[in-house]
Amino acid sequence: MIKITTKDGSYQDYSKGITLGEIASSISPGLAREAMAGKVNGEIMDLMQPIYNDSLVNILTFEDLEGKKAYWHTTSHIMAQAVKRLYPDIKLAIGPSIDNGFYYDFDTEKPFTPEDMESIEAEMAKIIKEDLKLERFELPREEAIKYMQEIGEPYKVELIEDLPDDSVISFYRQGEFVDLCAGPHIPATGKVKAFKLLSLAGAYWRGSEANKMLQRIYGISFPKKKQLNEYLDRLEEAKKRDHRKLGRELDLFSILDEGPGFPFFHPKGMVLKNILEDFWRTEHTKRGYEEIQTPIILNKDLWTRSGHWDHYKENMYFTNIDDGEYAIKPMNCPGSMLLYKRKMFSYRDLPVRMGELGLVHRHELSGVLHGLMRVRCFTQDDAHIFMLPQHIKDEIIGVIDLVDYFYKIFGFSYHVELSTKPEKAMGTDEEWNTAIDALRAALDERGMEYKINEGDGAFYGPKIDFHLKDSIGRTWQCGTIQLDFQMPERFDLTYIGADGEKHRPVMIHRVIFGSIERFIGILIEHYAGVFPAWLAPVQVRLLSITDRSAEYIKGLKKMFEDRGIRLEMDLRNEKIGYKIREARLQKIPYMLVVGDREVENQQVAVRSRKDGDLGAMNVDDFLDKIQNEILEKK
RNA sequence: GCCAAUAUAGCUCAGCUGGUAGAGCAACGGUUUCGUAAACCGUAGGUCGGGGGUUCGAGUCCCCCUGUUGGCUCCA
């Protein structure tokens with residue numbers, strides 16, 4: 001007998017060799033039904049796995065991340081099986097689960113068509129109905145390679161050859177289909193209740209442009225039909241919020257064929273951009289930042305000195321002036337370095353915080369451009385902080401506080417990642433450790449949880465990234481703080497220490513919004529275009545019932561504008577319902593209906609986009625209400 | 001950049017196997033002066049992304065170019 005402890009701390013004896021699935025059944029039939037995989041002493045396993053020793057066992061369902069992964073991974077095998085049944089000559093590459101579903105890469109001469117997807121789905125439904133059991137087996141390396149050669153799967157052979165010497169080489173069989181796979185998998189294909197193939201795409205073998213382009217099919221699956229529908233509804237919801245669609249409908253920005261990746265901001269989009277920038281300036285001034293502006297075009301020598309010529313040339317644009325070579329800046333830092341060097345700093349002057357809303361241009365591959373999210377020119381809300389080593393922790397805390405303050409105002413929650421030294425890095429391990437310790441100390445002192453991204457830092461220093469979460473649960477990397485040893489060295493930055501000698505300052509490089517353009521894109525989708533009053537390009541629209549109220553409305557317009565309210569008038573000869581509909585579609589926070597009654601009482605009838613008809617109010621009361629709302633940024 | 005899909009009026013889209021373009025909304029003109037999500041009538045609007053080819057004839061078929069969309073990172 002062996003002793004099995006479950007996650008609630010209770011334990012029970014079972015006979016040796018019992019499987020996880022049987023344990024789940026003994027706990028409850030419901031759990032047996034929902035069980036997808038299990039964890040034995042922290043190690044993820046199939047339910048079919050027998051246990052021989054006393055163990056701590058946790059049964060995983062679809063509610064657990066690892067349970068989902070197993071579920072999706074099995075669905076990807078079902079898809080591959082269906083493809084092999086329909087097209088026996090197609091070669092299999094890889095088919096993992098991902099954050100939302102799964103994919104499988106296939107090598108096929110003839111790309112899949114949408115009709116093929118339908119027949120694959122139909123075949124998958126058959127495989128699910130057959131309720132094939134999944135069995136795991138292991139083979140020694142040579143046999144595994146031979147086996148895959150025999151069944152004609154060259155990509156699998158390559159994968160096995162690249163596995164480390166000590167790794168267990170496992171396979172999963174379901175009916176006639178066998179695939180190399182580490183697992184775990186759910187016990188039978190019949191457990192997959194609802195699935196859908198979502199998209200087709202090309203993908204390089206092993207993600208490298210040097211390799212062959214394979215055909216990838218993405219899909220998703222759920223234990224309940226309802227969950228699948230909810231997921232598809234969420235995708236629809238995301239589509240409705242698409243900033244490219246809303247950007248056009250709300251007349252905020254456009255990207256024209258004449259400038260791929262170079263956004264045009266319309267007057268209303270510009271209002272939004274200016275509000276964000278004004279807010280940024282105000283908050284930075286309060287925190288001891290100075291603002292600078294450096295040129296967009298600077299000569300080749302500068303970019304050689306900064307290292308960009310060697311490390312970033314592929315992403316840069318160039319031009320000639322007279323006989324000299326120039327580059328259009330992809331980053332603001334070299335310009336900032338020059339401004340630091342304009343004069344001598346004493347240790348008493350530091351830290352120096354130089355902010356710049358700098359327009360940078362970067363050559364992005366044409367295929368990656370995406371609305372405002374991925375562009376070829378954008379405004380970075382950059383700042384470089386030059387300081388003494390002992391300032392590092394406090395300065396970083398200052399930036400963390402600032403990021404926190406900003407994101408909370410927009411209603412974003414966020415998580416933090418700390419990235420450490422990459423393979424190809426400049427500087428010594430000692431320098432890196434000091435820097436990482438400083439970043440960590442700042443995070444710890446601030447009591448922040450963070451994930452470590454081993455080896456994901458910039459080549460010149462470690463970094464803290466802020467990933468914000470929007471209202472429909474997607475995450476976006478925006479803010480970042482990077483410690484940089486390289487630039488101060490390359491530009492020979494100095495300050496005069498208490499000892500009268502020159503010393504090298506430490507520098508950090510940070511952004512809060514990241515790219516203002518991208519941040520606007522995120523805001524549009526986060527709010528679904530329904531901006532809070534402080535951000536709304538038009539805060540109020542005045543609607544006349546008949547043209548008898550036109551003069552009164554024009555008077556209101558002046559009064560509102562004097563109080564800094566952004567407004568529009570709709571004096572057209574249209575019915576009030578029609579005007580309200582249009583104002584609502586434009587997502588304007590307040591609609592003020594003005595007819596004979598309001599003129600007579602010197603009032604306005606307030607309709608809020610959020611709360612509907614609020615009834616008549618005195619004009620001053622309304623102004624106080626909206627101004628308060630704007631002030632509180634609600 | 002690569003793979004695939006796609007490009008028709010300001011927007012959303014129709015146009016079957018080739019026979020010289022159509023709807024709704026928007027716009028504009030007129031009528032209606034109306035109380036909280038679409039009044040009525042009418043008018044105008046497109047060298048069908050660009051170039052080349054096949055054909056008696058091309059929005060439709062073929063080739064090239066450009067833009068757009070979804071992917072190409074998440075390692076069996």
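All values below come from the heavy atoms of this structure, side chains included, with hydrogens, waters and symmetry mates left out.
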Participant: Measure the distance from CG on Asn453(A) to P on rC74(B) and round it to the nearest whole Å.
Facilitator: 15 Å

Participant: Measuring centre to centre across the rings, with the benzene-like ring taken for any Trp, is Tyr172(A) within less than 6.0 Å of His185(A)?
Facilitator: yes

Participant: Distance between the P atoms of rC16(B) and rG49(B), in whole angstroms?
Facilitator: 14 Å

Participant: Using a 4.0 Å heavy-atom cut-off, does Ala203(A) contact any base of the nucleic acid, only the sugar-phosphate backbone, or nothing at all?
Facilitator: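 Sugar-phosphate, no base atom in range.
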
Participant: Select one nucleotide: of rA37(B), rU33(B), rG35(B), the one nearest the side-chain heavy atoms of Arg548(A).
Facilitator: rU33(B)

Participant: Ile580(A) has a side chain; which of rA39(B), rU36(B), rG71(B) sits nearest to it?
Facilitator: rU36(B)

Participant: In plain terms, say whether Lys240(A) and Asp242(A) are close enough for a salt bridge, that is, a side-chain N and a carboxylate O under 4.0 Å apart.
Facilitator: no

Participant: Using the P atom as the reference point in each nucleotide, state the distance between rC41(B) and rA37(B) in Å, no decimals.
Facilitator: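 One P to the other, the span is 23 Å.
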
Participant: Indicate whether OP1 or OP2 belonging to rU73(B) is found under 4.0 Å from a side-chain N or O atom of Tyr204(A).
Facilitator: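 False: Tyr204(A) side-chain N/O out of range (4.0 Å or more) of rU73(B) OP1/OP2.
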
Participant: What is the base-pairing partner of rU54(B), counting Watson-Crick and G-U wobble geometry with both distances under 3.5 Å?
Facilitator: none

Participant: Who is the Watson-Crick or G-U wobble partner of rG18(B), with both distances under 3.5 Å?
Facilitator: none

Participant: Do Phe222(A) and Phe195(A) make the cut of ring centroids closer than 6.0 angstrom?
Facilitator: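 Ring-ring flag for Phe222(A)/Phe195(A): false, centres at least 6.0 Å apart.
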
Participant: Hey, do the aromatic rings of Phe106(A) and Tyr104(A) have their centres closer than 6.0 Å?
Facilitator: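 So the answer is yes for these two rings.
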
Participant: Within the structure shown, what part of the strands sits under 4.0 Å from Gly367(A) by heavy-atom distance: base, sugar-phosphate, or nothing?
Facilitator: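 Base contact - Gly367(A) has a heavy atom under 4.0 Å of at least one base atom.
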
Participant: Name the nucleic acid region contacted by Gln215(A), choosing base, sugar-phosphate or nothing; use a 4.0 angstrom heavy-atom cut-off, strictly under.
Facilitator: sugar-phosphate

Participant: For Ile576(A), which contact category applies under a 4.0 Å heavy-atom criterion: base, sugar-phosphate, or nothing?
Facilitator: sugar-phosphate

Participant: When all nucleic acid strands are considered with a 4.0 Å heavy-atom cut-off, which category describes Ala93(A): base, sugar-phosphate, or nothing?
Facilitator: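 Here Ala93(A) touches no strand at all.
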
Participant: Does rU12(B) have OP1 or OP2 sitting under 4.0 Å from an N or O in the side chain of Arg248(A)?
Facilitator: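 For rU12(B), OP1 or OP2 has a side-chain N or O of Arg248(A) closer than 4.0 Å.
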
Participant: Between rG30(B) and rU68(B), how far apart are the C1' atoms? Round to whole Å, please.
Facilitator: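 Those two atoms are separated by 40 Å.
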
Participant: When you get a sec, tell me which of rA39(B), rG35(B), rA76(B) is the closest nucleotide to the side chain of Leu180(A)?
Facilitator: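 For the Leu180(A) side chain, the nearest candidate turns out to be rA76(B).
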
Participant: Charged N to carboxylate O under 4.0 angstrom, Lys579(A) versus Glu574(A)?
Facilitator: no

Participant: Find the distance Tyr218(A):OH to rC3(B):C1' and express it as a whole number of Å.
Facilitator: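 It is 12 Å, rounded to the nearest whole Å.
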
Participant: Would you indicate what Asp162(A) reaches in the nucleic acid, counting non-hydrogen atoms under 4.0 angstrom: base, sugar-phosphate, or nothing?
Facilitator: nothing

Participant: side-chain hydrogen bond (donor to acceptor under 3.5 Å, both in side chains) for Tyr218(A) and Arg216(A)? Distances and angles first, verdict last.
Facilitator: CA-CA 7 Å; Tyr218(A) 285 91; Arg216(A) 175 172 297 180; 3.1 Å; yes

Participant: Measuring from the side chain of Arg581(A) (C-beta onward, heavy atoms only), which nucleotide among rA76(B), rA38(B), rG70(B) has the closest atom?
Facilitator: rA38(B)

Participant: Separation of Phe112(A) atom CZ from rA5(B) atom C1', in whole Å?
Facilitator: 16 Å

Participant: Can you check the Arg572(A) CZ to rA26(B) C1' distance for me, whole Å?
Facilitator: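 In whole Å, rA26(B) C1' lies 11 Å from Arg572(A) CZ.
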
Participant: Ion pair present between Glu143(A) and Lys146(A), side-chain N to carboxylate O less than 4.0 angstrom?
Facilitator: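 Salt bridge flag = no for Lys146(A) with Glu143(A).
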
Participant: Taking the side chain of Thr546(A) as its heavy atoms from C-beta onward, which of rU36(B), rU33(B), rG70(B) lies nearest to it?
Facilitator: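 Nearest nucleotide to the side chain: rU33(B).
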
Participant: Between Arg597(A) and Tyr578(A), just flag the one whose closest nucleotide in RNA chain B comes earlier from the 5' side.
Facilitator: Tyr578(A)

Participant: Would you kindly give the CD-to-C1' distance between Glu158(A) and rA76(B), to the nearest whole Å?
Facilitator: 12 Å

Participant: If we take the P atom in both rA27(B) and rC11(B), what is their distance in whole Å?
Facilitator: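 Between the two P atoms, the distance is 14 Å.
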
Participant: Applying side-chain hydrogen bond (donor to acceptor under 3.5 Å, both in side chains), run through Tyr317(A) and His363(A) and close with a yes or a no.
Facilitator: CA-CA 7 Å; Tyr317(A) 297 114; His363(A) 180 68; 3.2 Å; yes

Participant: When you check the gap from the basic side-chain N to the acidic O, do Glu158(A) and Arg206(A) get nearer than 4.0 Å?
Facilitator: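 Arg206(A) and Glu158(A): salt-bridged.
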
Participant: Is the distance from the ring center of Trp476(A) to that of Tyr414(A) below 6.0 Å?
Facilitator: no

Participant: Of the nucleotides rG35(B), rG1(B), rA76(B), which has the atom closest to the Ile94(A) side chain?
Facilitator: rA76(B)

Participant: Roughly how far apart, to the nearest Å, are rG15(B) and rC74(B) at atom C1'?
Facilitator: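 It comes out at 43 Å once rounded to the nearest Å.
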
Participant: Please give the nucleotide sitting opposite rA27(B) as a Watson-Crick or G-U wobble pair, both distances under 3.5 Å, or none.
Facilitator: rU43(B)

Participant: Please tabulate, one pair per line, each protein N/O and nucleotide N/O from nucleotides 64-68 of chain B that are separated by under 3.5 Å, including the distance.
Facilitator:
residue, atom, partner, partner atom, Å
rG67(B), O2', Asp257(A), OD1, 2.5

Participant: Reckon Val168(A) touches a base, only the sugar-phosphate, or nothing at all at heavy-atom distances under 4.0 Å?
Facilitator: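 Counting heavy atoms under 4.0 Å across all strands, the contact made by Val168(A) includes a base.
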
Participant: Rounded to whole angstrom units, what separation is found between the CZ atom of Arg206(A) and the P atom of rU73(B)?
Facilitator: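 My rounded result for the distance is 13 Å.
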
Participant: Could you give the distance separating rU66(B) and rG50(B) at their C1' atoms, to the nearest angstrom?
Facilitator: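 Those two atoms are separated by 7 Å.
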
Participant: Identify which nucleotide among rA37(B), rC3(B), rA76(B) has an atom closest to any side-chain atom of Leu163(A), counting heavy atoms from C-beta outward.
Facilitator: rA76(B)

Participant: Counting only side-chain heavy atoms from C-beta out, which of rA76(B), rC2(B), rG35(B) sits nearest to Pro96(A)?
Facilitator: rA76(B)

Participant: With both distances kept under 3.5 Å, what pairs with rG35(B), Watson-Crick or G-U wobble?
Facilitator: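 When the pairing criteria are applied, nothing turns out to pair with rG35(B), so the answer is none.
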
Participant: For rC74(B), what is the paired nucleotide under Watson-Crick or G-U wobble rules, both distances under 3.5 Å?
Facilitator: none

Participant: Hey, is the side chain of His77(A) poking within less than 4.0 Å of OP1 or OP2 on rA76(B), counting only N and O atoms?
Facilitator: no

Participant: Taking only the P atom of each, what is the distance from rC65(B) to rG24(B) in whole angstrom?
Facilitator: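 Those two atoms are separated by 39 Å.
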
Participant: What is the distance, rounded to the nearest whole Å, between atom CD of Gln603(A) and atom P of rG35(B)?
Facilitator: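 So the CD-P distance, Gln603(A) to rG35(B), works out to 19 Å.
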
Participant: Give me the distance, rounded to whole Å, that separates rG42(B) from rC25(B) when you measure between the P atoms they each carry.
Facilitator: 12 Å

Participant: In whole Å, I'd like the distance from the CG atom of Leu235(A) to the C1' atom of rU69(B).
Facilitator: 15 Å

Participant: Among rG71(B), rU33(B), rA39(B), which nucleotide has an atom closest to any side-chain atom of Glu574(A)?
Facilitator: rA39(B)

Participant: Any ion pair linking Arg572(A) and Glu582(A) (charged N to carboxylate O, less than 4.0 Å)?
Facilitator: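 Looking at Arg572(A) together with Glu582(A), the answer is yes, because their closest N to O distance falls below 4.0 Å.
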
Participant: Heavy atoms under 4.0 Å, any strand shown: does Arg216(A) hit a base, just sugar-phosphate, or nothing?
Facilitator: sugar-phosphate

